[in-house]
2 protein chains.
Amino acid sequence: MELTRPVESDKGFEKVFAFLRERLLAGSLKPGDRLVSERELASQLGVSRPIVREALRALTVLGIVEIRDRIGTVVTRPDVSVLNDFFTFALAQQADMLDDVMQARVAIECQAIRLACARAGIADFERLQRALAQIEATIDEADAGGMADFEFHRTIVLASHSETLTVLHNSLAGLLTHSHRSRRELVQSFPSVKTYLVDDHRRIFEAVIARDPERADATLRKHFAIGDEYRRRALVGETDGRKASR
Amino acid sequence: MELTRPVESDKGFEKVFAFLRERLLAGSLKPGDRLVSERELASQLGVSRPIVREALRALTVLGIVEIRDRIGTVVTRPDVSVLNDFFTFALAQQADMLDDVMQARVAIECQAIRLACARAGIADFERLQRALAQIEATIDEADAGGMADFEFHRTIVLASHSETLTVLHNSLAGLLTHSHRSRRELVQSFPSVKTYLVDDHRRIFEAVIARDPERADATLRKHFAIGDEYRRRALVGETDGRKASR
DNA sequence: ATCTGACCTTGGTCAGACCAGTAGGATGAC
DNA sequence: GTCATCCTACTGGTCTGACCAAGGTCAGAT
């Protein structure tokens, strides 16, 4: 004759997870805090320890907490690598998503470069300049050149001084690095690609230096578009100065 | 004199997680597949069932698999809600990040609207038009108006037909909904805000219809900028036609 | 005052058990 | 022979209680 479900709307795992979620979101559990032991948590919530462990493990893979052996469970600053994990899984099962992810990267970078024009400091400019020099220096190397390219774009995002944009860009770029190498090899067949790479990045750099958001955005978009164009032409077998004769 | 660690490099949870991760990434486990029962998995890997459950639960919160009660565990298409969870946690602990998240939202939407100009179909246009009508109809209501506003922007992103952009926008927008309401109340004191809201969205709509990416992007950015401006003026106590006299 | 070691607590794991439904085969009725 | 029904094996969901190894703490010895 008693209530089948007294107060608890969620059972077991959901209960514990919701409990911790609430504390985390409300701010009563802050990064650095060490939460109570698994046994105590289990007893407080009226569930068994394995269930508590499930919830803690779930928070761990989400990068919210860290379980330290024989020490306890502590709240951490949300980590980026979670997104990386997620996207890795997501991409593994939908390879056709690459172009789509690229669109998101373009979105992030174009916004970042606008912010960078307003917020970048001397240190950012210097770092950008070094990245640009590195691109020129490694123009003939596939691997090093790709890394230099990546570093340049990453520096732009860093110069936006936006944590969120940086996090997102890191996650997205991480996914794209795999395809980056093959892309670079693809366009190596075009001699003109080298001047394109150097000149484009230089123009982007100059636009940021000039603190001209519109020009920077437009130049960056054009840069991406030209890269796409090269890849498209490579796919149909063209090389510089000669149309594919299919 | 015996091996402390026979062959297994990872213990317990890591072992199971790595095992499943490998299968997932290699593609031998594809979405829709039902994996073996927890008991069998435990026995195969030489671990206990609670450990297996930890690993499965971890994959669940990552949106990789779905545990169906009394049915089994099946591999799912990577789900969006994971990002939502993550961002929610991440933001909860760094409230000052709101403006920063807004920048990311602008980034996503501006890229989305460009794609929308190229990819949107009649159905998208119709939905946009309905959203626009809803904005006009609910212009005097705080809650309904906010929802209509949100719906309009969401429709734009949907019209981009980009899964990644949609996912990111959903996550980011979810975070911003909390602050959305207060923002809307803040600007209610400006009578001119109503015409701004309606006219701006209409201009955005028209730019998409015209399939003009540049104009759409610019108009959307302006829309966001004006919103910021209103909030800035509200903060210093101004109202329409009267400068704050502090 | 310092050092040392026992003890308590922590996470890490396991084994076995029970419940509640589901799926599919066995069984019975038509 | 076909169909509806029932039963059993199996699934996830959870609990209990236990053991291990190692970090922290603090009392007692030096």
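Convention: sequence-line order gives letters A, B, ...; per-chain numbering from 1. Atoms considered below: every heavy atom in the structure, side chains included; atoms not considered: hydrogens, waters and symmetry mates.
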Which nucleotide in the list D:dA22, C:dG11, C:dA23 gets nearest to the side chain of B:Ile71?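 It is C:dA23.
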A:Phe13 has its side chain closest, among C:dA15, D:dT14, C:dG11, to D:dT14
| message | Tell me if the CZ atom of A:Arg34 is crowded by more than 12 foreign heavy atoms within 6.0 Å. | response |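 Result for CZ/A:Arg34: open.
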| field | Residues, nucleotides or ligands: over 12 heavy atoms within 6.0 Å of A:Arg68 CZ | value | no
Does any N or O donor sit under 3.5 Å from an N or O acceptor when you compare the side chain of B:Arg49 with the base of C:dT13?
no
Could you tell me how far apart [X] ([atom1]) and [N] ([atom2]) are, to the nearest whole angstrom?
X	N	atom1	atom2	answer
B:Ile67	C:dG21	CD1	P	18 Å
A:Glu14	D:dG12	CD	P	17 Å
B:Arg70	D:dA9	CZ	P	19 Å
A:Arg68	C:dT9	CZ	C1'	17 Å
B:Asp69	C:dC19	CG	P	16 Å

* To do: Could you tell me whether B:Asp124 and B:Arg127 have a side-chain N and a carboxylate O separated by less than 4.0 Å?
  => no
Any carboxylate oxygen within less than 4.0 angstrom of a Lys/Arg side-chain nitrogen, looking at B:Glu151 and B:Arg154?
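Answer for the salt bridge query: yes.
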On a heavy-atom basis, the closest approach of A:Leu165 and B:Ala107 is CD2-CB, 4.3 Å
* Evaluate side chain to side chain contact (heavy atoms under 4.5 Å, CB included) for B:Leu20 paired with B:Ile64, printing each intermediate quantity in order. => CA-CA 10 Å; B:Leu20 293 174; B:Ile64 314 296; over 6 Å; no
Per the under-4.0 Å heavy-atom filter, residues of residues 55-63 of chain B near DNA chain D come out as B:Arg57
### Message
When you compare the side chains of B:Arg221 and A:Gln111, does any donor N or O come within less than 3.5 Å of an acceptor on the partner?
### Response
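Yes, because at least one side-chain N or O of B:Arg221 sits under 3.5 Å from a partner of the opposite role on A:Gln111.
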Expected list for residues 31-48 of chain A near DNA chain C, using heavy atoms below 4.0 Å, is A:Ser37, A:Glu38, A:Arg39
*Criterion side chain to side chain contact (heavy atoms under 4.5 Å, CB included) on A:Ile51 and A:Glu54, from CA distance to verdict*: CA-CA 5 Å; A:Ile51 301 300; A:Glu54 281 184 36; 4.0 Å; yes
Identified side chain to side chain contact (heavy atoms under 4.5 Å, CB included) partner of A:Thr73 from the options A:Asp33, A:Val36, A:Leu56, A:Leu41 |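 For A:Thr73, the side chain to side chain contact (heavy atoms under 4.5 Å, CB included) check succeeds only for A:Leu56.
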